[in-house]
Amino acid sequence: MTSSSLRVLGIDPGLTRCGVGIVDVDRSRRGTLVHVGVIRSAPDLPIGERLAIVAAGIREVIGTHRPDAVAVERVFAQQNSHTVMGTAQASGVALLLAAESGLPAATHTPSEVKAAVTGYGSADKKQVQSMIARILRLEAPPQPADAADALAIALCHAWRRGAASPTGQDALTPAQRAWADAERVARTYLRPGA
């Protein structure tokens, strides 16, 4: 990694499959794959052991690749509360490990991540995988989808945080600027008394 690039660890949290992906993004917004993988734990293990497996895997990736920042997919409500709980627990472990490592951490919604890499906040898994392969110049999309999602989260974070520009605003694509503007407007309307 050069001093003019940002190394981001993206995490797609989960207990059965926790996607981890690291990219270096330079000032011209060009992303380079550093690492991608999936941390797996068996569904029949006690929850504490499963979380320990996820923690050990994330710890190893942080120790080996030394990212500058960590980005985690934000947990959102699903119909299956058991799945949401496991995802939230894995997300908490990831954020805790980032803090313990002294790394800045952020969360990004699934639609925010999809919009950043495809230009469309409702893109499907295949579209995300295809764009990740193109952006990172890979011969084939990363498998499983959790791995591609982790890379998408890392790229979203690097681009939104302005890896290419000290101010951050110049680094955004037109689609990302429109998305950021829409988020600002939504926050204005959601503020109490606004």
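Note that the structure is predicted; figures quoted are calculated from it, not measured.
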Qualifying residues under salt bridge (charged side-chain N to carboxylate O under 4.0 Å, His left out), relative to Lys126, sequence neighbours excluded:
none

Just how far is it from atom CD of Gln127 to atom CD1 of Ile132, taken to the nearest 0.5 Å?
12.5 Å

Which pair of non-hydrogen atoms, one from Pro43 and one from Thr16, has the smallest distance, and what is that distance?
CG-OG1, 4.2 Å

May I ask you to list the residues sharing a hydrophobic cluster with Leu97, side-chain cutoff 4.5 Å, ordered by chain and number?
Leu9, Ile11, Leu15, Val20, Ile22, Val34, Ile39, Leu45, Ile47, Leu51, Ile53, Val54, Ile58, Val61, Ile62, Val70, Val72, Val93, Leu95, Leu103

Sequence neighbours excluded, the answer for side-chain contact (heavy atoms from CB on, under 4.5 Å) partners of Thr64 is Glu60

So Asp124 and Lys114, side-chain contact (heavy atoms from CB on, under 4.5 Å) or not? Walk me through it.
CA-CA 8 Å; Asp124 64 28; Lys114 291 173 185 178; over 6 Å; no

How would you list all residue pairs meeting ring pair (Phe, Tyr, Trp, His ring centres under 6.0 Å) that involve residues 94-143, not counting sequence neighbours?
His108-His157

Here the salt bridge (Lys or Arg N to Asp or Glu O under 4.0 Å) pairs for residues 33-49, sequence neighbours left out, are none

Selection residues 17-75 - residue pairs positive for ring pair (Phe, Tyr, Trp, His ring centres under 6.0 Å), sequence neighbours left out
His35-His65

Nearest atoms (heavy-atom pairs only) where Gly10 meets Ala154:
N-CB, 3.6 Å

Looking at Val25 and Ala158, what are the two nearest heavy atoms and their distance?
CG2-CB, 3.6 Å

Find the distance between CG (Leu151) and CD (Gln129) and round it off to the nearest 0.5 Å.
10.5 Å

Can you give each donor-acceptor pair under 3.5 Å made by side-chain atoms of residues 139-147, sequence neighbours left out, with the distance rounded to 0.1 Å?
from   : atom 1 : to    : atom 2 : distance (Å)
Asp146 : OD1    : Arg17 : NE     : 2.7

With a cutoff of under 4.5 Å between side-chain heavy atoms, which Ile, Leu, Val, Met, Phe, Trp and Tyr residues group with Ile153?
Val113

Between the OG atom in Ser130 and the CG atom in Leu138, the distance rounded to the nearest 0.5 Å is 11.0 Å

Student check: side-chain heavy atoms of Thr87 and Pro13 closer than 4.5 Å
yes

Are Arg7 and Asp24 within salt-bridge range, i.e. N to O under 4.0 Å?
yes

Identify whether Val23 and Ile135 are in the same connected component of the hydrophobic contact network (ILVMFWY, side-chain heavy atoms under 4.5 Å).
yes

Find the distance between CG (Leu6) and CZ (Arg27) and round it off to the nearest 0.5 Å.
10.0 Å

For Ser41, enumerate each residue passing the side-chain hydrogen bond (donor to acceptor under 3.5 Å, both in side chains) test, keeping only those at least two apart in sequence or located in another chain.
Arg50

Apply side-chain hydrogen bond (donor to acceptor under 3.5 Å, both in side chains) to Thr107 and list each qualifying residue two or more places apart in sequence or on a separate chain.
Arg74

